[in-house]
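This report concerns only the one structure given below.
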Amino acid sequence: MNSIESILNGFIADMNSWEVRCSHRTEACIVGDADFHESEKTGMDEYRAIFETYCDKKLAVPRDYHYTIPPDYVAGGEPILIITYEGHDTAFVETQQIHGFQKKHIYRLILSLDGWRIIDKHVVADDGTLLRASL
């Protein structure tokens, strides 16, 4: 069974690689070396594979095609601050970005038959309000 830390860190690392690949494909489209439609299709196929690896397919909501540059996800750039549990099958993981806007996030994971899976993500606003963010 995968640990909470390995699931979350794997997701962040894979999302970083995905955002970088999407950016390179978009650059190729802009200069005429690739097709925007094909680039988006490839990006969504790659994202779905990441989502299916780390996220709960029934409870988590996949994002539409969008990414950020610089990447919002950075491998090693979002250390875990604390993990709290609600019962034996739900965990809340608070992280702190050490890059970009240095946002705090709270990821919620559940323990399923396949191990720990991410079900949602929130940004912690300065006043402590939780704002839903896409996975």
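- At a cut-off of 3.5 Å, with distance as the only test, no side-chain donor of T42 or S39 sits close to an acceptor on the other residue.
- Atoms CG and CD1, from D14 and I50 in turn, are 5.0 Å apart once rounded to the nearest 0.5 Å.
- In terms of heavy atoms, R63 sits closest to M44 at O-CE, 3.8 Å.
- Under the side-chain hydrogen bond (donor to acceptor under 3.5 Å, both in side chains) criterion, T26 pairs with Y67, sequence neighbours left out.
- Partners of H105 by side-chain hydrogen bond (donor to acceptor under 3.5 Å, both in side chains), not counting sequence neighbours, listed by chain and number: E78.
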Kindly list each side-chain donor-acceptor pair under 3.5 angstrom involving residues 128-135, sequence neighbours excluded, with atom names and distances?
{"from": "T129", "atom 1": "OG1", "to": "D127", "atom 2": "OD1", "distance (Å)": "2.7"}
{"from": "T129", "atom 1": "OG1", "to": "D127", "atom 2": "OD2", "distance (Å)": "3.1"}
{"from": "S134", "atom 1": "OG", "to": "H66", "atom 2": "NE2", "distance (Å)": "3.2"}

Can you give me every donor-acceptor pair (side chain of residues 82-94, partner residue at least two apart or in another chain, under 3.5 Å) with its distance?
none

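- Among residues two or more places apart in sequence or in another chain, the side-chain contact (heavy atoms from CB on, under 4.5 Å) test is passed with A28 by D33, A34.
- With 3.5 Å as the limit, one finds no donor-acceptor pair spanning the side chains of D120 and Y107.
- Listed by chain and residue number, nothing satisfies the salt bridge (Lys or Arg N to Asp or Glu O under 4.0 Å) test with D56 (two or more places apart in sequence, or in another chain).
- Residues passing the side-chain contact (heavy atoms from CB on, under 4.5 Å) test with R21 are S17, W18, R25, E46, sequence neighbours excluded.
- L59 belongs to a hydrophobic cluster with I110, I119, counting contacts under 4.5 Å between side-chain heavy atoms of Ile, Leu, Val, Met, Phe, Trp and Tyr, direct or through other members.
- Note: D72 CG to K103 NZ = 3.5 Å, rounded to the nearest 0.5 Å.
- Looking at residues two or more places apart in sequence or on another chain, you find no side-chain hydrogen bond (donor to acceptor under 3.5 Å, both in side chains) involving Y47.
- Using modelled atom types, one side-chain atom of K57 and one backbone atom of E52 make a donor-acceptor pair closer than 3.5 Å.
- Applying the side-chain hydrogen bond (donor to acceptor under 3.5 Å, both in side chains) test to N9 and every residue at least two apart in sequence or in another chain returns nothing.
- Contacts of D45 classified as salt bridge (Lys or Arg N to Asp or Glu O under 4.0 Å), with partners at least two apart in sequence or in another chain: K41, R48.
- Scanning for side-chain contact (heavy atoms from CB on, under 4.5 Å) contacts around T53 gives an empty result, with sequence neighbours left out.
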